[in-house]
Each structure stands twice: as structure tokens, then as C-alpha cells.
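Order of appearance sets the numbers: ligands from 1, and atoms from 1 within every ligand. Fair warning: this is a prediction, and the values are worked out from it, not measured in the lab.
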Amino acid sequence: MIVLGIESSCDETAAAVVEDGRNILSDVISSQIAFHTPYGGVVPEIASRKHVEAILPVISQALKDAGLTGRELDAVAVTRGPGLIGALLVGLSAAKAMAYALDRPLIAVNHLEGHMNAAYLGGAPEDRPFVCLVVSGGHTALYEVEPGGASRFLGSTRDDAAGEAFDKVAKLLGLGYPGGVVIDRLAAGGDPRAFSFPRAFLGKDSLEFSFSGLKTSVANFLRRMGPPAPEGGEGAYRLEDLAASFQEAVVDVLIGKLLKAAGDRGIGDIAVVGGVAANRRLRHRLAEAAGERGLALFLPPLRFCTDNAVMIAAAGYSIWKRSGFCRDPLNLDATSRWF
Ligand code: KG4
Ligand code: ZN
């Protein structure tokens, strides 16, 4: 079965063609990051307008790369939510138009389920349950994913998402948007034990997260200590050490909660997906922790950590199969919140 996936929930316009949920025939992403960078974050109105400009060329390119015409598609899968409502509407409207014109099923996909499907692209076996940490700019949540792809929510953040914490701290440090990847790079040259930032575990049985206190703690640190030493110069502290110490606090909590969830449920397979799963320190520490405990760890290739349409096509295919090949109605609405 050949599924076209469409993703437009935030600042990437993406389309991909995937066969049977795994065989990637094309994968096109048009990033808007450059248009949002001057504002230090995603501006929803700009996102909607840029999606409108990019959506048709991106879909055409995905079909061209796959060497297919629309008529050869079996279904159209699209992110329905959660995300920026104006941005979601662009992808959803394009998907509805294609589904209607081609008379193919429309399959609505939850963006988080899309991210979870990227675990299969990282090798997670489909016939065993796994505990999945979804960690992105908008979400930080734990799920138990059953064979077949249905998931059970275990816990999420009470305030900021982990990626949001990376982005906000990067903004405090004047490092630009998006900040996660810049902090990742700086932290590689810093000492993660240079400064001690709070780790919010919220009680020993909790599978919830909280990152707003950590962000405040970094803001207080900056107020107290002033700016870091200029590159190669003298100063109160090194920016690299601050980045590494902040990152370590996030990584400690993410890994602690993921291991707890897997331990509680007696599940030996774990996966981490979403933009923050691209973080090198997190990937390294996860591999260590999984090795020590005899857990099997599955991480998507870097390209499938951040937003993409391959994961939406893959999730769409598994949702479609699970539903007995039903179609969603064409009057379906986008939804900014969807758990
Ligand atoms: O999954 P994604 O592309 O979009 C959402 O669904 O939110 O995730 C984007 C988030 C941003 O907050 C970005 O700063 C973060 O992922 N991110 C990273 C890294 N690469 C992207 N955070 C830490 N380290 C990275 N290498
Ligand atoms: Zn995402």
C-alpha cells in the first residue's frame, strides 16, 4: 500500500511517499526556520503563510521523487494535530483536496503518534511493546506502545517541553532559534558537572516532567554571574560549561523517567523520538544506561527525529490497518490540542 504523508504542524512543510509503512519512496522537507530566526521563535502567522507557499511544490516534489502520479497512491495521511492551528489547516486542506480529487481515503494522524512511528525507522521490533519517550519542542511525554502501534499515555510535562527549555535557555544566552542544536554543539566542549542545576523528579513514583524551574534557575544564574567569558578570553565562567551543565540536568531527568517507566512496566525495549532525540549527549547517555541495564534501545536516524512526513505516512499506514482500512471524513477539523 502506498501512502502519501503530509506534515505542516509547526515550521516544516513536508511530504513523503512510503510503501507499507516502511519502504521510503520519497522524503521532502521545506524548512521555514530562516524566516522565524529573526523573531527568536516560530511566528504562527508567518508559519501559515509559508506553508501555503510551500505545500503544493513540496507535494509535487514528493510524488516526482517517488516516480509516481497521484493516481498510484492508495491513501493520503496528514497531521491533524496537535500543533499551530493555522499551520495544520494548510496541510489538512491540501490532503483533503487530494483525497477528494483522487477518491482515496484520508487518514488523520496525531503528530505524536507520527513521532512514535519513527522508533520503527530506528529498528524497534513491531511485535513487542516498547516504552517511548516523545521529546520535542512542543511535547515531553511517555507512552507504552503496543504491537500494531496503538499507544497508552503514561505521563507528560506539567509545564515546558524539554525542547522548549533548550530553546528558551538558548534565547537567554542569545544563541538564536532553534536553540537545541546550538546548545548540543556548545555542550560538547563543556563540563557537565561545572554547575549544578535542579532536576525536577516530582516524587519517586511520578512519570511527569517539569522544566520551567530549570529554565528559571539558568536565568537566575545569568543574573548573578553576568555574561560568560568571551571566546578564548577570561571571565567568570565558560559558556560551554553552562550549556553542558544545563543539558545534563535535562538529560538526567529524561533518562531517569524513561528507565522508571520501563522498569515499572517490565518492558525491555525503549525508544526516544522527537527533535530532542537528536541530542548527542542524550543519545550517548541513553546507550550507556541501556547497556548497563540490558535494555534494547531504539533511536530514529537523526533526520527522522525532527519533524518530517515519513513518520506521518508510516503512522497513517498503521492507523489505516488498525481501523480495518477505514477512511476519515472530509469535513474533519484540525485541532491544536490532541492527546
Ligand atoms: O520534533 P520537532 O522538530 O518539532 C516539534 O514537534 O516540536 O522538535 C523541535 C525541537 C526544538 O525545540 C529543538 O530545539 C529541539 O527539538 N532540538 C534539539 C536538538 N535538535 C533539535 N534539542 C536538543 N539537542 C538537539 N540536537
Ligand atoms: Zn514534532
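- Closest to atom 24 (N) of ligand 1, if we only count protein heavy atoms, is Asn279 ND2, 3.0 Å.
- Not a single heavy atom of Cys10 sits closer than 4.0 Å to an atom of ligand 1.
- Per-residue contacts place Thr306 under 4.0 angstrom from the following atoms of ligand 1 (heavy atoms of the residue considered): 3 (O).
- Remark: distances from the non-hydrogen atoms of His115 to ligand 1 include one below 4.0 Å.
- Atom numbering of ligand 1 starts at 1 in the shown order; those under 4.0 Å from a heavy atom of Gly180 are 14 (O), 18 (C), 19 (C), 22 (N), 23 (C), 24 (N), 25 (C).
- The six-membered or imidazole ring of Tyr177 lies away from that of Tyr39, with a centre-to-centre distance of 6.0 Å or more.
- Close approach of ligand 1 to Ala278 is summarised as follows: ligand atoms under 4.0 Å from at least one heavy atom of the residue are 26 (N).
- Ligand 1 places these atoms under 4.0 Å from at least one heavy atom of Gly163: 12 (O).
- You'll find the ring centres of Phe197 and Phe221 inside the 6.0 Å limit.
- For the pair Asn220 (side chain) and Arg223 (backbone), a donor-acceptor distance under 3.5 Å is absent.
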Compile the donor-acceptor pairs under 3.5 Å between side chains in residues 179-193 and protein atoms, sequence neighbours left out, one pair per line.
residue	atom	partner	partner atom	Å
Asp184	OD1	Arg280	NE	2.9
Asp184	OD1	Arg280	NH2	3.2
Asp184	OD2	Arg280	N	3.1
Asp191	OD1	Arg193	N	2.8

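- Near Gly138, meaning under 4.0 Å from one of its heavy atoms, ligand 1 places the atoms 7 (O).
- With salt bridges taken as basic N to acidic carboxylate O contacts below 4.0 Å, one links Glu113 and Arg322.
- Side-chain atoms of Val272 and Leu282, non-hydrogen and from C-beta on, do get closer than 4.5 Å to each other.
- Side-chain atoms of Asp328 come within 3.5 Å of backbone atoms of Ala108 as a donor-acceptor pair (strictly under, hydrogens ignored).
- Each protein N, O or S atom less than 2.8 Å from the Zn ion (ligand 2) was counted, giving 3.
- Near His111, the atoms of ligand 1 lying under 4.0 angstrom from a non-hydrogen atom of the residue are 6 (O).
- Residues Gly274 and Ser136 share a closest heavy-atom pair of CA-CB, 4.3 Å.
- For the pair Arg104 (side chain) and Arg71 (backbone), a donor-acceptor distance under 3.5 Å is present.
- Closest protein heavy atom to atom 19 (C) of ligand 1: Gly275 O, 3.6 Å.
- In this structure, the side chain of Ser8 does not engage the main chain of His51 through any donor-acceptor pair within 3.5 Å.
- Scanning all protein heavy atoms for the shortest distance to atom 12 (O) of ligand 1 gives Asp167 OD2, 2.7 Å.
- Distance from atom 2 (P) of ligand 1 to its nearest protein heavy atom, with residue and atom name: Asp307 OD1, 3.4 Å.
- A donor-acceptor contact shorter than 3.5 Å links the side chain of Gln32 to the backbone of Ala47.
- Distance alone, capped at 3.5 Å, places no donor-acceptor pair between the Lys50 side chain and the Asp11 backbone.
- Taking 4.0 Å as the cut-off between side-chain N and carboxylate O, Arg285 and Asp252 count as a salt-bridged pair.
- Nearest-heavy-atom check against atom 7 (O) of ligand 1 across Ala162, Gly137, Gly83 picks out Gly137.
- The nearest protein atom to atom 26 (N) of ligand 1, hydrogens excluded, is given as Asp184 OD2, 2.8 Å; this is a heavy-atom distance.
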